[in-house]
Amino acid sequence: MIKFGKGVVKFRVPIVILSFLLLVPAVIGYVNTRINYDILSYLPGDIETMQGQDILLEEFGTGAFSVAVVEGMEQKDVVALKSEICQIDHVKSVLWYDSLADPSIPIELLPGDLQETFENKEKNTTLMIVMLDTSMSADETLDAVEQIRGLTSQKCLLSGMSAVVADIKKICNSEALMYVAIASGLSAVVLSLTMDSFLIPLFFLLSIGMAIVYNLGTNFIAGEISFITQALAAVLQLAVTMDYSIFLWHSYQENQKRFPGDKKRAMAHAISNTVSSVVGSSITTVAGFLAMCFMTFTLGLDLGIVMAKGVVFGVFGCVTILPAMILIFDRAIEKTRHRAIIPDLGRIGDFVTRRYLVFAALFVIILVPALYGYTHNKVYYDLAGTLPKELESVMANTKLEEDFEMGATHVIIADSGLEPKKARAMLKELREVTGIKLVLGMDSVLGPAFPEEMVPDAYKEVLDNGKYQMMFLASEYKTASDQVNAQCDEIKGIIKKYDTTAMLIGEAPCTQDLITITDKDFKTVSTVSIVLIFIIIAIVLKSISLPVILVAVIEFAIFINMGIPAYTGTVLPFIASIVIGTIQLGATVDYAILMTNKYKRARYQGAGKQEAVSSALNSSLQSVFVSALSFFAATFGVGLYSSIDMISALCVLLARGAIISLLVVAFILPAMFMIFDKVICKTSAGFIDPEKKVKERSVAYVIQNCGIRRQQ
């Protein structure tokens with residue numbers, strides 16, 4: 001690796017020039033990468049709800065629908081508004097009272113449940129179902145939603161997943177740049193205070209920033225990324241890869257003492273040392289992210305690949321761009337030198353190693369409640385329910401609940417050839433399902449007071465294409481609630497009884513599938529990530545026992561972090577466990593491997609157990625402390641700022657996880673080394689110098705023989 005280091009030092013100027021030139025195609029790629037704001041679109045395509053959505057789009061030309069709540073408008077104005085909505089691109093049709101019958105026919109002739117659905121005379125509100133010919137989160141759909149909203153001022157509120165996605169897009173577009181600004185700004189403050197130069201943090205951030213742009217630019221190859229990936233990728237890449245830069249800088253300072261006056265040689269050795277120490281930890285981090293690719297819910301694949309690429313780009317930037325910049329701007333860096341504000345942590349090793357039994361006892365005592373909390377925390381799946389209340393989609397949902405006692409809207413797709421007798425029997429059973437407010441289909445309108453001749457052809461075409469028929473169901477229950485999930489199960493049981501090919505689709509059934517699928521996915525990813533990291537640590541450290549110890553300590557930190565919400569009553573986003581599990585695992589393993597390598601080196605050089613553990617902790621804690629504090633600052637700031645609870649909650653968890661990981665690595669890991677030192681030395685390569693052992697045996701043999709001869 002020393003040759004690589006010398007090469008970077010020699011070509012430092014071309015490296016910096018090339019790194020800036022590469023930003024041009026990376027920025028172009030980033031700008032042209034589509035952002036997907038619909039989480040449900042990442043469900044596997046072979047499940048019934050997703051197949052039903054495809055049928056809805058292919059057979060009916062309807063990919064999305066929204067319920068519009070119209071307030072304070074007379075009937076003639078509602079008719080005019082409906083006409084305007086129908087003129088908007090990609091609006092296929094609008095179902096309202098006049099869709100079921102001629103406006104001249106009194107609404108009182110409609111069945112009672114239909115009257116109550118379309119009009120609340122008491123509060124002067126009306127409902128319309130807007131159907132679009134594009135998919136739920138397509139750019140055309142989101143544009144149509146904004147155009148509909150633009151027709152009236154707060155008098156026509158749109159609910160439904162498309163409206164929610166449009167609002168999320170609006171928030172992300174306004175906040176995304178601030179996430180990066182907050183994360184980098186707070187990291188710069190922490191680094192400036194904790195390091196010995198005011199300027200070096202700027203080069204850290206510049207080299208990492210370039211790696212982030214390269215990473216985001218290469219997402220163009222995939223075509224699109226999720227809004228969660230877009231929002232978190234830059235912040236997480238900054239937080240996860242910052243420690244590589246810190247390790248390089250500290251190694252450079254150490255090598256300057258070895259080679260005084262020769263900074264180029266010192267940097268070449270620093271690069272070599274950093275590559276050797278960082279490769280093992282970065283591979284484990286990459287493996288943790290790639291484990292997310294095993295999820296059938298492909299949001300994991302999306303986030304996993306982007307973050308794995310980010311780590312690779314981060315390592316590459318750390319050992320090429322950063323050292324080149326440090327050498328080029330050496331004079332400026334030297335002029336901004338100052339005394340680090342944080343105290344020297346080089347004496348904590350003796351304190352920890354002398355009281356290792358206390359920290360081992362704390363490990364055992366805390367483990368039980370941490371594990372209990374980890375397995376009993378509550379999660380939410382309803383993204384809309386956690387958005388700011390002033391958003392139009394949230395206001396629309398609130399209006400639906402207050403004025404019409406409506407929550408989720410389901411869609412049933414059934415065979416068009418279903419016998420009228422069976423269809424009416426099915427509709428009767430569906431109306432009797434607890435929590436169902438309305439069943440809107442062809443047969444739900446017809447009756448003695450309302451013959452088929454009075455139903456407009458346009459309405460018939462919307463609900464029946466000759467091959468399939470479509471029905472709308474309005475539920476009192478919210479999406480992702482236990483009540484609506486039970487309701488979906490009951491509805492599926494009824495429709496399958498009359499038509500085995502019938503499908504229940506919509507936001508609530510999709511979310512129910514999301515709950516089932518992700519529950520299995522998270523268990524799979526957790527197992528895969530632990531196994532992969534266990535194997536990699538075993539290979540990198542050439543040990544059987546160390547992987548067990550390191551993984552146990554890291555998982556202990558994760559259990560504490562994810563267990564706290566169970567005791568504070570905090571409800572977490574559903575992806576929290578997998579995101580926190582992989583990212584906190586990846587960050588903590590960097591700290592753990594750094595300390596383990598120093599402990600291993602000290603034991604190999606002949607240091608005793610306590611001396612080796614103490615020196616390993618003393619020499620690595622400064623780097624770990626600065627890295628963890630920077631991680632905390634970057635994520636905590638974004639967590640406080642973001643108005644999207646899913647992003648905010650994840651960042652707060654990551655910030656807390658950084659501090660917990662720091663404490664666990666500083667106090668629990670050394671205690672484990674002290675307790676299992678004999679086991680580690682016997683089951684690991686490179687802990688004891690074989691030549692020293694031979695010499696010790698030879699000296700002992702000579703002494704023993706001298707003693708025997710004297711006795712003789």
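Just so you know, residue 1 is the first one in the sequence shown, and it goes up from there. Below, all heavy atoms of this structure are taken into account, side chains as well, without hydrogens, waters or symmetry copies.
Nearest heavy atoms, M50 versus C510: SD-SG, 4.3 Å. Taking both residues in full, the closest heavy atoms of L157 and A396 are given as CB-CB, 3.6 Å, listed atom of the first, atom of the second, then distance. The nearest pair of heavy atoms linking V652 to G639 is CG2-CA, 4.0 Å. Between G310 and T241, the closest heavy-atom pair is O-CG2, 4.1 Å.
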Report the C-alpha distance between T126 and M73 in whole Å, list the side-chain angles of each, state the deciding distance to 0.1 Å, and finish with yes or no for side chain to side chain contact (heavy atoms under 4.5 Å, CB included).
CA-CA 8 Å; T126 331; M73 294 180 73; 6.0 Å; no
From CA spacing to verdict: side chain to side chain contact (heavy atoms under 4.5 Å, CB included), L654, I580:
CA-CA 6 Å; L654 287 167; I580 302 306; 3.7 Å; yes
Could you give me the CA-CA distance, side-chain angles and deciding distance for M242 and F204, then say whether side chain to side chain contact (heavy atoms under 4.5 Å, CB included) is met?
CA-CA 8 Å; M242 178 62 76; F204 282 8; 3.9 Å; yes
CA sep, side-chain torsions, deciding dist, call: I171, L391, side chain to side chain contact (heavy atoms under 4.5 Å, CB included):
CA-CA 10 Å; I171 294 174; L391 291 180; 3.5 Å; yes
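In the model, T33 has no side-chain atom that pairs as donor or acceptor with a side-chain atom of N219 under 3.5 Å. Side chains of K399 and T125: a donor-acceptor N/O pair is absent below 3.5 angstrom, by distance only.
Atom OH of Y30 is surrounded by 12 or fewer heavy atoms from other residues, nucleotides or ligands within 6.0 Å. At most 12 heavy atoms of other shown residues, nucleotides or ligands fall within 6.0 angstrom of atom NZ in K478. Few gaps surround OH on Y641; more than 12 heavy atoms of other groups in view lie less than 6.0 Å from it.
Of the possible polar contacts, one joining the Y42 side chain to the S226 backbone as a donor-acceptor pair under 3.5 Å is found. Judged by distance alone, with hydrogens and angles left aside, the side-chain atoms of R656 form a donor-acceptor pair with the main-chain N or O of N561 at under 3.5 Å. Judged by distance alone, with hydrogens and angles left aside, the side-chain atoms of D521 form a donor-acceptor pair with the main-chain N or O of T296 at under 3.5 Å. Here the side chain of N215 pairs a donor or acceptor atom with the backbone of V306 at under 3.5 angstrom. At least one donor-acceptor pair closer than 3.5 Å links the side chain of K92 to the backbone N or O of F60. Y214 places a side-chain N or O within donor-acceptor distance of the main-chain N or O of S19, the cut-off being under 3.5 Å. In terms of modelled atom types and a separation under 3.5 Å, the side chain of Q512 and the main chain of N485 share a donor-acceptor contact.
Within the 4.5 Å cutoff, the side chain of L232 has heavy atoms near those of the L650 side chain. Looking only at side-chain heavy atoms (C-beta outward), L216 and Q237 stay at 4.5 Å or farther from each other. Within the 4.5 Å cutoff, the side chain of T141 has no heavy atoms near those of the V165 side chain. Inter-residue side-chain proximity for M136 and Q53 is flagged as met; some heavy-atom pair is nearer than 4.5 Å. Side-chain contact between V91 and Q147 is absent, with no heavy-atom pair separated by less than 4.5 Å. Side-chain contact check for E146 versus K169: every heavy-atom pair is 4.5 Å or farther apart. With a 4.5 Å cut-off on side-chain heavy atoms, D143 and D89 do not count as touching. The side-chain heavy atoms of S162 and E507, taken from C-beta on, include no pair separated by under 4.5 Å.
Rounding to the nearest 0.5 Å places CG of N36 at 4.5 Å from OG of S137. Between D590 atom CG and S282 atom OG the span is 7.5 Å, to the nearest 0.5 Å. For the atom pair CG of L473 and CD1 of I491, the computed distance is 5.0 Å after rounding to the nearest 0.5 Å. In this structure, the separation between OG1 on T409 and CG on L400 is 7.0 Å, given to the nearest 0.5 Å. The distance from atom CG of D513 to atom CG of L40, rounded to the nearest 0.5 Å, is 9.5 Å. L236 CG to F631 CZ: the interatomic distance, rounded to the nearest 0.5 Å, is 6.5 Å.
Here Y179 pairs with nothing under the ring pair (Phe, Tyr, Trp, His ring centres under 6.0 Å) rule; sequence neighbours left out. Applying the side chain to side chain contact (heavy atoms under 4.5 Å, CB included) test to A508 and every residue at least two apart in sequence or in another chain returns A408, H410, T479, V484, C488. By the side chain to side chain contact (heavy atoms under 4.5 Å, CB included) test, T568 pairs with I564, P565, T570, sequence neighbours left out.
Each of L43, I47, D519 was evaluated against L514; a single residue qualifies, L43, per the side chain to side chain contact (heavy atoms under 4.5 Å, CB included) test.
Applying the side chain to side chain donor-acceptor pair (under 3.5 Å) test to residues at least two apart or on different chains, the pairs with a partner in residues 373-385 are Y380-D645. Screening residues 45-60 for salt bridge (charged side-chain N to carboxylate O under 4.0 Å, His left out), with sequence neighbours left out, gives E48-K496, E59-K467.
Taking the six-membered ring where the residue is Trp, F574 and F522 present parallel rings, their angle staying beneath 30° rather than reaching 60°.
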Just list the side-chain donor-acceptor pairs under 3.5 Å for residues 63-70, sequence neighbours left out, or say none.
residue : atom : partner : partner atom : Å
S66     : OG   : S159    : O            : 3.1

